[in-house]
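Residue numbers start from 1 in every chain, and the chains themselves are labelled A, B, ... in the order their sequence lines are given, proteins ahead of strands.
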Amino acid sequence: MGEIGYARNVFDQITEPNVYLWNAIIRGYCKHSLFGEVLEMYSEMQGNGVSPDGFTLPYVLKAWSGGGGSSVKMGFGVHGHVFRNGFESDVFVQNSIVAFYAKCGRLDKAWIVFDRLDDRSRTIVSWTSIVSGYAQNGQPLEALRIFSQMRHSDVKPDWIALVSILRTYTDINDIEQGKSIHGIVIKTGLELEPDLLIALTSMYAKCGEVLVARLLFDQMDIPNVILWNAMISGYAKNGHADEAVALFRKMIGVNARPDSITVRSCIIACAQLGSVELARWMDDYISRSDYRNDVFVNTALIDMHAKCGNVDFARRIFDHVSNKDVVLWSAMIVGYGLHGRGREAIDLFNSMKCARVEPNDVTFIGLLLACNHSGLVEEGCNYFQSMKRDHGIEPRHQHYACVVDLLSRAGFLDRAYEFIMEMPIEPGITVWGALLSACKICRNVSLGEYAAERAFSLDPFNAGHYIQLSNLYASVGKWNNVKKVRKMMSDKGLSKDLGYTSIEINGKLQAFCVGDKSHPRSKEIFAELEKLERRLKDTGFTPNTESVLHDVQNEDKEESLCNHSERLAIAFGLICTTPGTPLRITKNLRACVNCHAATKLISKLVEREIIVRDANRFHHFKDGVCSCGDYW
DNA sequence: GTAGGGTTAG
């Protein structure tokens with residue numbers, strides 16, 4: 001940036017710059033994407049009585065479409081400028097106009113100019129402008145149609161044309177067709193330009209083919225930051241959070257400079273892993289980096305700490321950000337919501353109003369979540385009402401589902417049903433799922449069956465809903481119906497999601513599934529487990545056998561309950577940490593009634609704080625009580 | 001000395 005400033009100083013000392021010099025300074029600004037300056041210089045140039053030439057206009061057009069120039073008003077002026085200055089047949093100027101209109105989404109106008117081009121002027125550049133115009137404006141299918149039309153003409157795609165079409169395969173989620181572009185590259189022996197490599201890597205990574213993506217990634221001698229980002233975010237998005245973090249560490253190790261997108265992708269990966277220690281490491285890294293004051297990065301950090309169980313850490317970051325925007329406020333409110341700290345969420349919402357920050361739809365998701373997880377029924381309903389009435393925000397599916405969950409879990413099944421019937425939009429899968437799971441808790445078979453029916457019709461292959469219905473039948477002893485549901489599942493080839501629990505020991509995550517005997521210290525774990533069960537029984541704890549699916553003898557039920565993966569994780573945590581250390585546990589399903597009750601008691605017996613992140617929220621167990629107040 | 005492309009998004 002210093003060079004362009006220096007160039008400007010020199011330029012300003014010239015008394016009567018000619019077109020050549022004006023173009024040079026305009027080109028400089030254009031190269032640095034300083035489009036405002038480009039337009040300023042352009043008008044200054046005309047004010048000084050110098051007419052633009054065929055080299056000037058492409059820069060100006062680029063500035064118009066890239067900067068504040070995408071306004072319609074600017075667009076209208078374009079042709080005027082070109083005609084007034086006599087460039088209606090200049091190849092470069094004409095192609096710039098095609099690109100200008102395409103970028104602004106005015107494909108109709110782009111086509112008019114495109115069609116008027118003579119054969120000599122209609123090049124791969126013109127085609128690429130049109131194709132990427134569609135691709136960038138949310139019409140991937142149209143982009144693909146034009147691309148294939150182009151391939152039937154004599155125009156040969158070059159690497160930029162391929163780069164611009166590649167993203168459309170990701171958009172329509174068609175990796176097979178995307179691979180064919182990779183095929184073209186190999187077949188035609190096109191040079192694998194760095195930017196083409198990036199586009200290919202990014203496509204494979206986004207579509208979940210991380211192994212192929214990594215092969216391409218490793219081909220680049222000096223990977224640039226965009227390539228790192230494509231790979232890291234690809235890992236994070238496709239359930240390879242650990243690899244995302246590992247690659248980020250490698251990046252730092254080789255002294256490559258992460259940008260704000262890199263660190264955000266890595267923070268998202270850390271949030272997925274849920275490790276407190278890793279979260280602290282990331283936090284520490286950011287605090288020493290240039291991004292410590294970046295609002296986007298701080299928002300991601302708040303979300304990460306909340307998801308890793310440290311909502312108070314999240315709050316510390318929140319308090320340190322000086323210019324809080326609505327998303328930052330919302331992230332903090334959602335964080336409190338996850339931990340069932342409803343009052344704090346509401347307090348924060350009030351402070352937000354005092355700070356004159358207007359809430360958005362995410363803010364209300366957080367509020368409703370917080371009310372839901374704290375049993376604040378009337379407050380939640382009031383916020384839902386106020387959303388549209390006071391803030392003009394139209395509720396989305398998630399908001400409706402939250403209210404249904406809130407009402408039905410509090411036992412107001414009738415109100416929940418009425419609420420659904422009055423919805424102005426078609427109730428979605430989440431709404432019926434919420435009602436169904438509440439019916440299981442309240443043992444309301446008839447409404448539960450209805451909700452299940454609706455859920456099955458919307459998503460016949462989601463095993464979770466069948467399990468819910470089966471659990472509902474089991475809870476009232478309708479074993480025949482349990483069998484029927486299980487048959488429905490096996491007919492559809494569905495099986496129960498395997499429950500697993502992981503526990504963090506010294507920053508390392510160890511996972512267990514039900515009755516897991518694969519751990520090297522399995523013997524010790526089961527011995528500890530037995531000890532725990534004995535102590536539980538001594539205090540008079542009787543397992544609630546309802547949460548067992550099968551119609552089996554009571555003894556067997558109890559046996560399988562004690563084997564639940566979270567019990568194993570707790571036992572393991574107890575034998576390898578020093579007394580008093582909190583245990584941090586993550587599970588992929590919702591907490592089961594029995595384990596929840598047992599964990600409360602265990603926290604008291606062994607004098608440990610036990611923090612559990614389940615599929616929906618956090619539970620902080622301490623001294624025999626849980627932060628959720630048994631409401632989840 | 002001029003025209004087309006790419007990472008991300010609470």
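A heavy atom closer than 4.0 Å to some atom of DNA chain B occurs in Thr299(A), Asp325(A), Val327(A), these being the qualifying members of residues 299-335 of chain A. For the contact set between residues 132-149 of chain A and DNA chain B, defined by any heavy atom under 4.0 Å, the members are Ser132(A), Gln136(A). Shown for residues 252-264 of chain A: residues whose heavy atoms fall under 4.0 angstrom of DNA chain B, namely Ile261(A), Arg264(A). For the segment residues 175-191 of chain A, no residue has any heavy atom less than 4.0 angstrom from an atom of DNA chain B.
Candidate nucleotides dA3(B), dG10(B), dG1(B) were compared by shortest atom distance to the side chain of Val295(A), and dG10(B) ranks first.
Counting only distance, with no hydrogens or angles, the side chain of Gln139(A) and the backbone of Gly133(A) share no donor-acceptor pair below 3.5 Å. With Ser180(A) contributing its side chain and Gly183(A) its backbone, the two residues share no donor-acceptor pair below 3.5 Å. Side chain of Asn298(A) to main chain of Asp294(A): a donor-acceptor pair is present (N/O by atom type, distance under 3.5 Å, no hydrogens or angles). A donor-acceptor distance shorter than 3.5 angstrom exists from the side chain of Asp118(A) to the backbone of Arg120(A), with no hydrogens or angles considered.
Taking the six-membered ring for Trp and the full ring otherwise, Phe114(A) and Tyr101(A) have centroids separated by 6.0 Å or more. The six-membered or imidazole ring of Trp228(A) lies near that of Phe217(A), with a centre-to-centre distance under 6.0 Å. A distance of 6.0 Å or more separates the ring centres of Tyr169(A) and Tyr204(A). For Tyr20(A) and Phe55(A), the ring centers are positioned 6.0 Å apart or more.
Salt bridge status for Arg288(A) with Asp284(A): present, with a side-chain N to carboxylate O gap under 4.0 Å. At a threshold of 4.0 Å, the pair Lys179(A)-Asp174(A) does not count as salt-bridged, since none of the basic side-chain nitrogens sits closer than that to a carboxylate oxygen.
Looking at heavy-atom distances under 4.0 Å, Ile268(A) makes contact with sugar-phosphate atoms alone, never a base. Trp159(A) comes within contact range of at least one nucleobase, with a heavy-atom separation under 4.0 Å. Backbone-only contact: Ala99(A) has heavy atoms under 4.0 Å from sugar-phosphate atoms and none from a base. Using a 4.0 Å heavy-atom criterion, one finds that Thr123(A) contacts the bases of the nucleic acid, with or without backbone contacts as well. Using a 4.0 Å heavy-atom criterion, one finds that Lys31(A) contacts no nucleic acid atom at all. Among the atoms of the strands shown, base atoms are found under 4.0 Å from some heavy atom of Asp158(A).
To the nearest angstrom, P of dT2(B) lies 16 Å from CG of Leu61(A). In this structure, Ile97(A) atom CD1 and dG4(B) atom P are separated by 13 Å, rounded to whole Å. If you take NZ of Lys237(A) and P of dT8(B), they are 5 Å apart, rounded to a whole angstrom. Atom CG of Leu227(A) and atom P of dT7(B) are 12 Å apart (whole Å).
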Listing, residues 238-250 of chain A side-chain donor-acceptor contacts under 3.5 Å, not counting sequence neighbours, or none:
residue: Asn238(A); atom: ND2; partner: Ala205(A); partner atom: O; Å: 2.8
residue: Asn238(A); atom: ND2; partner: Gly234(A); partner atom: O; Å: 2.9
residue: His240(A); atom: NE2; partner: Asn238(A); partner atom: O; Å: 3.4

Test Asp290(A) against Arg257(A) for salt bridge (Lys or Arg N to Asp or Glu O under 4.0 Å), laying out the working first. CA-CA 11 Å; Asp290(A) 296 339; Arg257(A) 284 183 69 90; 3.5 Å; yes
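Ring-base stacking between Tyr20(A) and dG1(B) is not satisfied when judged by a centre separation under 5.5 Å and a plane angle under 30°. With its ring centre under 5.5 Å from that of the base six-membered ring and a plane angle below 30°, Phe55(A) counts as stacked on dG1(B).
Judged by the 6.0 Å distance and 45° axis criteria, Lys62(A) is not positioned over the aromatic ring of Phe35(A).
For Ser202(A) and dG6(B), the shortest distance from a side-chain N or O to OP1 or OP2 is not below 4.0 Å. A close approach under 4.0 Å does occur between a side-chain nitrogen or oxygen of Lys206(A) and OP1 or OP2 of dT8(B).
Asn350(A) meets the side-chain hydrogen bond (donor to acceptor under 3.5 Å, both in side chains) test with no other residue; sequence neighbours excluded.
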